Amino acid sequence: MKVFQIRLLATLSVVLTTLFLQVALAQEEIESELVERTITVHNSYFQLREVEQYEAAYAMFTERQKNSVSLEEFSRHWGAIREKYGRLTHLTNTKVTWYRNPEGLYAAIDFRASYERLPIYCGFLVWSVDEDIKLQREEMTFLENHSGTLMTDADKQEAYQRVSCN
């Protein structure tokens, strides 16, 4: 019984420490230079993919991210996206959330975008920003327009809300 209680307390301690660090970070001011540099790297990642410089974009990954996808898979995926949907026509960063956990400092940048033949593309990228700024994780949502009619800005706003894009 005591071993279980000790493990539970240790787990609770880790959870509370992590929550404390995240709350403390919310009150901590991130240096504007770091914010700007992180957003610049984020935007560069999209630009590199757009001009088909997949190796350079892939070099922005953390080792953990590289272990989950090979350069060949990454290149093939974004090449197929380009072939199917055309060029990126719009990119807006909508929110930056900073958090710290025992592994380091991170920035999650939410975005909304469009391609020539894909009106709704959104998600977020999580950047590890401790030493170098490296891509830790990428989450995305694509919503194709099968109606064949152009979507108005109001239609896009409604679609972004429907797919829970910030």
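These numbers come from a predicted model, not from an experiment. Throughout, numbering of the chain's residues begins at 1 and tracks the sequence.
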Are the side chains of Tyr121 and Ile81 in contact, using a 4.5 Å heavy-atom criterion?
no

Across all chains, not counting sequence neighbours, the side chain to side chain donor-acceptor pair (under 3.5 Å) partners of Asn93 are His42, Asn43

Quick one: side-chain contact (heavy atoms from CB on, under 4.5 Å) partners of Gln65, sequence neighbours excluded?
Phe61, Thr62, Ser68

Sequence neighbours left out, what passes side-chain contact (heavy atoms from CB on, under 4.5 Å) with Thr40? Give chain and number order.
Ser44

Contacts of type side chain to side chain donor-acceptor pair (under 3.5 Å), residue Gln47, not counting sequence neighbours
none

Do the side chain of Arg64 and the main chain of Gln136 share a donor and acceptor less than 3.5 angstrom apart?
no

Arg76 meets the salt bridge (charged side-chain N to carboxylate O under 4.0 Å, His left out) criterion, sequence neighbours left out, with none

Tyr58 side-chain N/O to Val69 backbone N/O, donor-acceptor pair under 3.5 Å:
yes

Contacts of Glu31 that satisfy salt bridge (charged side-chain N to carboxylate O under 4.0 Å, His left out) - sequence neighbours left out
none

Partner set under side chain to side chain donor-acceptor pair (under 3.5 Å) for Ser32, not counting sequence neighbours:
none

Could you note down all residue pairs passing salt bridge (Lys or Arg N to Asp or Glu O under 4.0 Å) where residues 119-130 supplies at least one of them, sequence neighbours left out?
none

Once ring-ring contact (aromatic ring centres under 6.0 Å, His included) is applied, do any residues pair with Tyr54, and if so which ones, sequence neighbours excluded?
none

According to salt bridge (charged side-chain N to carboxylate O under 4.0 Å, His left out), who are the partners of Glu52, at least two apart in sequence or on a separate chain?
Arg82

Rounded distance (nearest 0.5 Å) linking atom CD of Glu83 with atom CH2 of Trp78
15.0 Å

Partners meeting salt bridge (charged side-chain N to carboxylate O under 4.0 Å, His left out) with Glu139 (sequence neighbours left out)
Arg137

Can you tell if the side chain of Phe46 reaches within under 4.5 Å of the side chain of Leu125, non-hydrogen atoms only?
yes

What pairs with Glu63 under side-chain contact (heavy atoms from CB on, under 4.5 Å), at least two apart in sequence or on another chain?
Lys66

